[in-house]
Amino acid sequence: DMIRDLIEVCKERAEHTKRLTTEGIWSRQLCLQWLYILIDTGIRPFSKSDFTFNDLIEVDEGIVFWRNEKNKEYKAQGGDLAKQALLKLRIMYLKQGIQPKHILTKLDGTKAMNIDRLLREAVRIAWGNKTDIDGREYKAYSLRKWHINKCLNHGEPPHALAERVGH
C-alpha cells in the first residue's frame, strides 16, 4: 500500500503543475519514471550516479545494466516496469528533440541532478513520519529494502538477489 501511495503522489506531482517552470514539470515527470525503475530493479536511489542508455542491454527477462555505487560494480536487472519507464523517458526526449546520453536528462540535454531531492519530497508527502518495525523512518532508500523483501518473498535465491542489487 505504501508503494502505491508513493506512486500516486509522484503521478499527482507530475500532472498537477500549476506555478511550475517547464524545467520543474519536466523534473517531476523524470522522477515518476525513476520511481518505476527503482521499484522494479532494487538499485540504490542515487540518480547522480552515472546511468546512461549505453549501459542498457535488453534480454528476454527485461533489461540489464551496470551500476557502480558505494565502490561496488554490479549488474542490475529490471523487468517490464523498468522497460516501460525507459521507453517513456525515450519518448519524452524524442518529443523534445533531445539525444540524451544519461537516462535522467534535463531539457537542455545535460544530466538531471535534482531527482533525488524530488523523490525525497514525494516520500515525505506520501509516507510522512512513518517508521518500520525497527523504528526507522521510511526514506527513498526504503524502496530498495521493499524490493529486496518482495523478491525474497517470491522465491528469488538470496545470493542471486544480492548480486543483482549490488549488496
I want to check something: taking the side chain as every heavy atom from C-beta on, are Lys83 and Glu58 in contact at a cut-off of under 4.5 Å? yes
When you compare the side chains of Arg164 and Tyr74, does any donor N or O come within less than 3.5 Å of an acceptor on the partner? no
Could you tell me which non-hydrogen atom of Ser27 sits nearest to which non-hydrogen atom of Leu118, and how far apart they are? CB-CD1, 3.4 Å
In one Ile/Leu/Val/Met/Phe/Trp/Tyr side-chain cluster, 4.5 Å: Trp34, Leu20: no
Side-chain donor/acceptor of Arg44 to backbone N/O of Arg67, under 3.5 Å: no
Distance from Leu161 atom CG to His154 atom NE2, nearest 0.5 Å? 12.5 Å
Between the SG atom in Cys31 and the CG atom in Leu104, the distance rounded to the nearest 0.5 Å is 9.0 Å
Atom pair CG (Leu119) and CG (Leu35), whose distance is rounded to the nearest 0.5 Å: 6.5 Å
Can you tell if the side chain of Lys75 reaches within under 4.5 Å of the side chain of Ile57, non-hydrogen atoms only? no
Using a 3.5 Å distance criterion without hydrogens, assess whether the side chain of Asp5 forms a donor-acceptor pair with backbone atoms of Ala126. no
Taking a hydrophobic cluster as the set of Ile, Leu, Val, Met, Phe, Trp and Tyr residues connected by side-chain heavy atoms closer than 4.5 Å, whether directly or through intermediates, do Val123 and Met2 fall within one such cluster? yes
Tell me whether the rings of Tyr93 and Trp26 are parallel (<30°), tilted (30 to 60°) or perpendicular (>60°). tilted
Considering non-hydrogen atoms only, spot the tightest contact between Leu32 and Ala14 and give its length. CD2-CB, 4.5 Å
Would you say Asp108 and Thr110 are linked by a side-chain donor-acceptor pair, where the criterion is simply a distance under 3.5 Å? yes
From Gln96 CD over to Lys106 NZ, what is the distance, rounded to the nearest 0.5 angstrom? 14.5 Å
Mind checking whether Ile7 and Trp146 sit in one hydrophobic cluster, side chains of I, L, V, M, F, W, Y counted as touching below 4.5 Å? yes
Taking all atoms of both residues into account, what is the closest heavy-atom pair of Gly79 and Asp40, and its distance? N-OD2, 2.5 Å
Shared hydrophobic cluster, Tyr36 / Phe53 (ILVMFWY, side-chain heavy atoms < 4.5 Å): yes
Around atom CG of Asp134, are there more than 12 heavy atoms from other residues, nucleotides or ligands closer than 6.0 Å? yes
Between Asn153 and Lys150 (side chain of the first, backbone of the second, donor and acceptor by atom type, cut-off under 3.5 Å), is there such a pair? no
Does the side chain of Ser142 come within less than 4.5 Å of Asp132's, by heavy atoms? no
If we ignore hydrogens and angles and just use 3.5 Å, is the side chain of Arg28 paired with the main-chain N or O of Arg13 as donor and acceptor? yes
For a 4.5 angstrom cut-off between non-hydrogen side-chain atoms, does Ile39 reach Leu6? no
Does Arg4 pair with Asp1 as a salt bridge, N-O distance under 4.0 Å? yes
Compare all side-chain heavy atoms of Arg144 with those of Leu38 and state whether any distance is below 4.5 angstrom. no
Under 4.5 Å between any side-chain heavy atoms of Tyr141 and Phe46, yes or no? yes
Any chance you could lay out the side chain to side chain contact (heavy atoms under 4.5 Å, CB included) test for Phe65 and Ile43, step after step, and finish with the verdict? CA-CA 10 Å; Phe65 53 93; Ile43 62 174; 4.0 Å; yes
Is Asp50 salt-bridged to Lys111, going by a charged N under 4.0 Å from an acidic O? yes
To the closest 0.5 Å, what do you measure between NZ (Lys139) and CZ (Arg120)? 9.5 Å
Just how far is it from atom CG of Leu152 to atom NE2 of His147, taken to the nearest 0.5 Å? 9.0 Å
Where is the tightest heavy-atom contact between Ile98 and Gly109, given as atom of each residue plus distance? CG2-CA, 4.1 Å
Please report the C-alpha distance between Ile3 and Leu143 in whole Å, then the side-chain angles of each, then the deciding distance to 0.1 Å, and finally whether the side chain to side chain contact (heavy atoms under 4.5 Å, CB included) criterion is met. CA-CA 8 Å; Ile3 297 297; Leu143 294 167; 3.5 Å; yes
Can you confirm whether Phe51 sits close enough to Leu56 that some side-chain heavy atom of one is under 4.5 Å from a side-chain heavy atom of the other? yes
Angle between ring planes, Trp127 versus Tyr138, binned at 30° and 60°: parallel, tilted or perpendicular? perpendicular
Determine the minimum heavy-atom distance between Ala122 and Cys10, stating which atoms define it. CB-SG, 3.6 Å
Minimal heavy-atom distance between Leu30 and Met92, with the atoms involved, is CD2-CE, 4.0 Å
I'd like to check Arg136 versus Lys145 (side-chain heavy atoms, cut-off strictly below 4.5 Å). Are they in contact? yes
